[in-house]
Amino acid sequence: MEKRSSATKVKVVVRLRPSLSPSENTCVNVVGNRVQILNHRNVEESLQYEFNTVFDEKSSQAQVFSTSVEPMLEKVLHGQNVSVFAYGPTGAGKTHTMLGMTSDPGIIPRVIQSLFEAIDKKQASALTGSTNQAPQFKVTFSYMEIYNEKVHDLLASGHQDLPIREDASKNIFVADLSEKSIDKYETFMNQFEPAASNRTVAATKLNKYSSRSHTILLLKICRREPDGKELRGKLYLIDLAGSEDNRRTGNKGIRLKESGAINKSLFVLGEVVDAINQNQPRIPYRNSKLTRLLQDSIGGGCHAVMITNIAPEERFYYDTYCTLNFATKSKKIVNTITTHVVRPPSIEKPTATVRPLKRRSASLQSAKPRLPKSSNSLSSLPAAELHSSSSSAATVSNDPLPSPLVRQQKAFESAIQEKLSAMEKLVENLRTTANANDVSASDHKPLTASKTSTPASKGTRKSLRLSLVSVQSDDSPDVIFPTPKASKGKLTDATNLLKQRYFGPPRQKVKKQKIQYRVVEDSTSCSPLFPQSPAVSRKRASSQDFESPTTKKIKAAPQIFNNGDQAKRNAEFLELLNSATVKELQELQTVGVKRAKMIYEWRELHGSFTSTQSLLEVPGFSDKVLKKLLRSNFVTV
Ligand SMILES: Nc1ncnc2c1ncn2[C@@H]1O[C@H](COP(=O)(O)OP(=O)(O)OP(=O)(O)O)[C@@H](O)[C@H]1O
């Protein structure tokens with residue numbers, strides 16, 4: 001569970017390191033929380049940059065930590081994520097600030113120490129309080145490096161490239177790293193050689209690429225309250241690689257490649273910041289591993305502190321100028337802080353939360369008064385289920401529009417109704433013609449019945465109509481399947497009449513039906529009353545997997561129907577083929593204008609069809625097409 005709280009800007013601080021070569025000219029001045037540098041376009045002017053805090057060359061490690069980082073620790077202990085990253089040109093003091101030396105530790109060792117002090121304090125104060133129950137804390141860490149656009153786990157043996165994946169919280173990208181319990185931290189830290197004043201010596205055993213890679217120490221803190229609630233915070237401590245001007249450093253070969261990779265990720269970082277500031281719809285986080293990892297810190301749900309390191313020497317002028325401009329852009333970025341809370345299931349369903357959902361489902365029922373009450377309506381669901389699927393409940397609530405699936409189904413259904421109605425008319429016309437040609441009186445009976453549909457036929461029609469698009473079972477569909485107009489008798493279902501006429505009245509009225517939607521691929525698959533050819537069965541195997549036993553039974557039904565009735569039906573169909581006009585032929589299932597014309601023209605040229613198989617001689621009729629036509633018009637081969 002996540003809670004979104006206040007929007008917070010990225011906190012940008014600047015740290016100026018002391019000059020390392022006193023003989024060299026400097027070009028940076030710090031005045032209060034402003035940094036001044038010469039204007040390279042006009043040397044008589046100076047450029048001024050203002051930041052949250054600016055640390056001058058005399059500032060101590062302790063000062064930087066207590067002002068910029070220490071206040072953030074409390075947030076991590078309360079389930080929020082914090083990212084502290086050092087940015088700046090090569091040699092400006094990033095590693096010194098983040099790691100420091102044994103004699104003068106930087107942010108990382110200070111964070112570890114303070115974190116445990118804070119945890120101890122919290123537990124002690126909880127135990128002295130009235131509840132006498134202290135929260136439990138679990139701290140783990142992982143350490144990684146992005147080098148040449150590859151992520152390495154620095155705690156694992158060997159340097160394998162790791163993929164970056166999306167965290168369950170959806171807004172954090174993490175590499176699959178080995179995690180160590182924090183009690184291993186001492187051993188881990190001891191592997192660092194003390195950083196000396198010479199930066200080449202500052203390279204460590206663990207991080208041999210030191211200044212040429214981005215290193216990330218991730219601390220995960222899980223706080224479990226006595227009531228079972230968990231607060232999960234993460235703290236990213238990032239030492240970014242410095243960008244290098246290849247012309248100035250004369251980088252070649254591997255160095256050039258390294259430098260290119262560093263520049264690429266820092267370049268993308270700049271693009272990301274620009275995109276956020278310009279409110280662009282797409283932020284190019286995915287364009288580099290670094291920006292994917294920093295996604296939560298820049299424009300995400302994290303508290304972010306950017307420590308901008310700058311060097312005072314004149315030879316760093318251009319780097320300093322660019323760095324200060326980037327820092328200025330970054331301070332405009334706003335993050336919306338997320339608190340990561342995980343509650344135990346038992347306290348997930350307070351009545352206060354469930355009640356509005358119940359009201360919502362009640363209003364849903366009142367909005368559709370004509371629909372029959374059903375045992376599977378939302379209100380009858382257990383409260384816990386409603387709560388656990390609150391998002392889906394919210395989707396249903398008060399929405400007057402049916403879902404696209406229901407709309408699609410309705411459209412399909414009305415198309416089928418039209419076809420059936422037209423087919424009935426067609427049959428009726430044929431009968432009328434047959435009457436005129438002295439057809440026996442007994443044949444009129446079903447046609448007379450067709451004009452006033454009996455309750456039995458209504459029931460059968462309903463069952464037939466539902467079976468066109470659904471799988472039947474024991475409960476009524478209510479909400480998702482409103483009764484269509486056809487059931488009120490406005491449309492007459494010819495297919496149903498045919499079925500009654502040739503196969504007798506339905507054996508059993510379907511009492512209640514519950515719709516379980518399945519994909520209907522085309523209108524020709526609509527009849528579950530006739531068996532499908534093996535080929536079609538194979539094609540539809542996947543959708544049949546979802547069929548209920550009831551549907552399977554219905555599909556098997558034709559086997560028990562009277563063969564004589566089917567023969568009559570086939571003869572009637574043949575009669576229709578031999579006498580219908582183009583327009584009338586079009587009324588048949590799967591016959592459009594083109595096919596109707598083809599059938600008509602073939603008949604004009606060759607005379608009557610002697611069997612339905614003769615249709616194979618009509619251009620455009622393959623075996624498959626014919627089977628489809630016959631099946632969907634309830635004719636057997
Ligand atoms: N505030 C400071 N006080 C004293 N020395 C410093 C300070 N900042 C940096 N230094 C020294 O400057 C040198 C360069 O610093 P550092 O290695 O931290 O730079 P960097 O920005 O991490 O460089 P790179 O990007 O190459 O890793 C180091 O020898 C470091 O000890």
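Each ligand, and each atom within it, is numbered from 1 in the order the structure gives. Predicted model only: the values in this text are computed from it and were never measured. Along the sequence shown, residues are numbered consecutively beginning with 1.
- Figure legend: cation-pi geometry between Lys331 and Phe51, with NZ or CZ positioned under 6.0 Å from the six-membered ring centre and within 45° of its axis.
- Note on ligand 1: Pro89 sits in its first shell, one or more heavy atoms being nearer than 4.0 Å.
- Between Glu230 and Arg223, none of the side-chain N atoms (NZ, or NE/NH1/NH2) sits under 4.0 Å from a carboxylate O, so this pair counts as no salt bridge.
- Taken from CZ in Phe65 to OG in Ser60, the straight-line distance is 11.5 Å, to the nearest 0.5 Å.
- In terms of N/O distances under 3.5 Å, ligand 1 is approached by Gly93.
- In summary, the atoms of ligand 1 found under 4.0 Å from a heavy atom of Gly242, numbered by their order in the structure, are 25 (O).
- Look at Leu20 and you'll find a heavy atom under 4.0 Å from some atom of ligand 1.
- For a threshold of 3.5 Å applied to N or O pairs, the pair formed by Asp239 and ligand 1 contains no separation below that value.
- Using modelled atom types and a 3.5 Å distance limit, the side chains of Gln36 and Ser46 yield no donor-acceptor pair.
- Counting only non-hydrogen atoms, the option in Lys94, His214, Lys58, Arg17 that gets closest to atom 21 (O) of ligand 1 is Lys94.
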Check your understanding: Does the ring pair (Phe, Tyr, Trp, His ring centres under 6.0 Å) test come out yes or no for Phe85 and Tyr236, once each step is laid out?
Key -> CA-CA 8 Å; Phe85 56 102; Tyr236 292 85; over 10 Å; no
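- Salt bridge annotation for Glu117-Lys122: absent, with no cationic side-chain nitrogen under 4.0 angstrom from a carboxylate oxygen.
- Inclusion of Leu240 in the set of residues having an N or O under 3.5 Å from an N or O of ligand 1 is not warranted.
- When non-hydrogen atoms are compared, ligand 1 lies under 4.0 Å from neither the backbone nor the side chain of Met101.
- Between Val84 and Ile238, the closest side-chain pair of non-hydrogen atoms is not below 4.5 Å.
- The closest approach between Ala92 and ligand 1 falls below 4.0 Å for a heavy atom of the residue.
- For Glu57, the heavy-atom gap to ligand 1 stays at 4.0 angstrom or more.
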